[in-house]
Amino acid sequence: MKDYETLPPVVVDRGEGARLFGVDGKTYIDIVGSWWCNLLGHCNPHINNAIKRQLDSLEHVIFAHFSHPPAIEYAERLCAVLPAGLCKLHFSDNGSSAVECALKMSFQYQAQMGKPRKQRFMCLSEGYHGETIGALSVGAMDVFTGVFKPLLVDSIRIPAPDCYRCPYGQERASCACPCLDAARAVFERHADECCALIAEPLLQGAAGMRIYPEEYLRGLRALCDNYDVLFIADEIATGFGRTGELFACARAGISPDLMCLSKSITGGYLPFSVLAVTQPIYDAFYADYSARRAFLHSHTFSGNPLGCAAALAVLDLLLNGRDGAAPALQTARGNAVWLHETLQSALGGHPHVGEIRAINLINAIELVADKRAKTPFPPARRTGRQIYKKALELGLLLRPLGDVLYFNPPLNTERSILAEAAALCKQSIETGIQW
Ligand SMILES: Cc1ncc(COP(=O)(O)O)c(C=O)c1O
C-alpha cells in the first residue's frame, strides 16, 4: 500500500488484444497476460459474443442436481482433449479452490481405498499452488507461507530441479536428471504416509518461471506409480497451450491422476476452474448414500454458465481458429522460436542478464549481479521493480517475479507487438536502473 504512494495504481478502462488503455490516455502492452490468464487477448470478439449470448439465456444456476447445456457441452469437449485417462470433472471457481479440491479428494480417496495411513502430501520446493490454507501447505515459497506456518499442514518437500543454478553441474541440453535421485530418496522414506504428490508440470511459475526437463516430470510420474502415490498436476498456469501443447503433461507424454485447471481456461475472462480425475478415483466415491463415500465439496459458483460459455469459445479459438485466424495454439508455436531468438539477440549479451529461458511464448529473463557466478542482486535493491517502473513509463506491463522479468503474452499476439514489447523491454533494462 505504501508503494502505491510513490507509484499510483494504473487505472485502465479498455483492452483490445494484447493492449490495455489507461484512463490517462496511455497504452500498455500486457506482456504478462494479466497474471498469465489472458490467453487470447483482451475483449476477444469470439469470447465476448459467446458470453453475451449466454447472458441472455442463463446467467447462473445451482450446480447440484441441476445442470445446463454449456456445462454438458464443455465437459464433453474438455474430456475429449485431456491427457488419456482423465474423464471426470469437478467444477470450482478459482485455481486455489481446484487445488483444495484435489488435496481433499486424494486424501479421502486413499482412506476409502483402505489406506488410512496415507495422510500427507508431497510437493516440490519452490512450488506455488494458491493462497488458501491447503494450497499454501503444499506451496513451498517462504515469502507466501512464512507467516502462516503455524496454520499449515506439514507437507513433505522434494528439492525442485533448479536448472539455471544446477547443483549437479548439468546443462539443460544434455541433462540426465540426477536430481530425480533426491526425489526417489523422499519417496523411499515417506511414500507410505503420503496420499499424493502435487507439482506444476514443466514450469514453476511463481518461483520465477523455472523450467525443468520433461524427463524429470516423467520421473515423478513413475515414482508415484511405483510407490502408490497419486499424482496431482497443477496445470493452472501451464494449461491451455501455454507450453506449446494443450497441457504440459501432454508435452511430456504423461497423464496425471488429478489435474487442476483455471486461469486461461476462460481466456482469463471469468473465475472458473476444473479438477479432472480418472475413472478409478471417481469409482472410489461411487456408492449408495448410506455408505457415506461421496465427496462433499461444492462452491456457490461452480460450473457457472458464463464461464462455461467462455471456456467453450476458448477451445474453439485454440484448436480450430475462427474468422480466418489460425488456431491460436499453432500461431503461438509459430512465433515461439522467433520470440526467443529476438529476446536472446537483444538481451542475451547484457552483463546482468543471467539467462533467458523459454517454453513456447513464455520467456523468463533472470537478472543477476554477477553473470559468471550467477549471483542474485540483493533483494532490498528491488532491481526487477525498478525496471517494471521504467517499462510502465514506456508503455509495457512487465510485472516481474522478484528479479525475473518475463513474457507470457496472449497466444495470438501478433509478431509486430511481440517485437515492440521486446524493444521496450530492452530499453527498460538499459535505462531503468543504474547498473
Ligand atoms: C500453478 C498455480 N496454481 C494455483 C494458482 C492459484 O490460482 P488462483 O489465483 O486462481 O487461486 C496459481 C496462481 O497463480 C498458480 O500459478
Side-chain angles (χ1 to χ4, degrees), residues 30 32-39 90-106 121-141 143-145 148 152 155 157-158 160-161 196-212 217 220 231-243 246-249 251-252 256 258-276 297 299-304 307 310-311 314 359-362 364 397 399-402 404 406-408:
D30 184 358
V32 297
S34 280
W35 258 338
W36 333 337
C37 69
N38 190 289
L39 189 72
H90 185 281
F91 291 79
S92 310
D93 51 21
N94 65 78
S96 306
S97 298
V99 167
E100 294 290 331
C101 197
L103 299 175
K104 286 173 66 182
M105 201 182 278
S106 310
F121 300 100
M122 288 185 195
C123 55
L124 294 188
S125 64
E126 311 302 319
Y128 177 79
H129 300 286
E131 302 288 9
T132 48
I133 296 296
L136 281 180
S137 297
V138 288
M141 299 178 66
V143 61
F144 297 108
T145 58
F148 300 109
L152 304 183
S155 300
R157 277 153 180 88
I158 295 173
L197 161 73
I198 184 164
E200 296 158 88
L202 302 186
L203 173 77
Q204 291 193 292
M209 298 291 170
R210 279 163 60 152
I211 299 165
Y212 64 82
L217 184 59
L220 287 182
F231 182 52
I232 305 170
D234 177 352
E235 291 243 16
I236 288 163
T238 50
F240 300 98
R242 288 289 183 194
T243 66
L246 210 43
F247 303 103
C249 284
R251 209 182 143 122
L258 304 96
M259 184 188 266
C260 305
L261 299 167
S262 190
K263 285 192 187 278
S264 304
I265 194 168
T266 60
Y269 268 62
L270 290 160
F272 192 82
S273 62
V274 164
L275 173 67
H297 180 120
H299 291 281
T300 307
F301 291 105
S302 293
N304 174 261
V314 164
I359 184 163
N360 202 33
L361 290 185
I362 299 173
L397 167 44
R399 193 187 162 96
L401 294 155
V404 177
Y406 65 90
F407 280 37
N408 195 356

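Counting starts at 1 for both ligands and their atoms, following the listed order. Just the heavy atoms: all of them, side chains too, but no hydrogens, waters or symmetry mates, feed the values below.
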Problem set entry | Under 3.5 Å: donor-acceptor pair, side chain of Arg251, backbone of Leu246 | no

Exercise. With hydrogens left out, which residues have an atom under 4.0 Å from ligand 1, given that only heavy atoms count?
Worked result: Trp36, Asn94, Gly95, Ser96, Tyr128, His129, Gly130, Glu200, Asp234, Ile236, Ala237, Lys263

Exercise. By side-chain hydrogen bond (donor to acceptor under 3.5 Å, both in side chains), which residues pair with Asn94, not counting sequence neighbours?
Worked result: Ser97

Problem set entry | Considering all heavy atoms, the nearest Ala199-Leu220 contact | CB-CD1, 4.3 Å

Exercise. Counting only N and O atoms by type, is there a donor-acceptor contact under 3.5 Å from the side chain of Ser262 to the main-chain atoms of Phe272?
Worked result: yes

Problem set entry | Polar side-chain atom of Lys263 near backbone of Gly239 as donor-acceptor pair, under 3.5 Å | no

Exercise. Taking all atoms of both residues into account, what is the closest heavy-atom pair of Glu126 and Glu200, and its distance?
Worked result: O-OE2, 4.4 Å

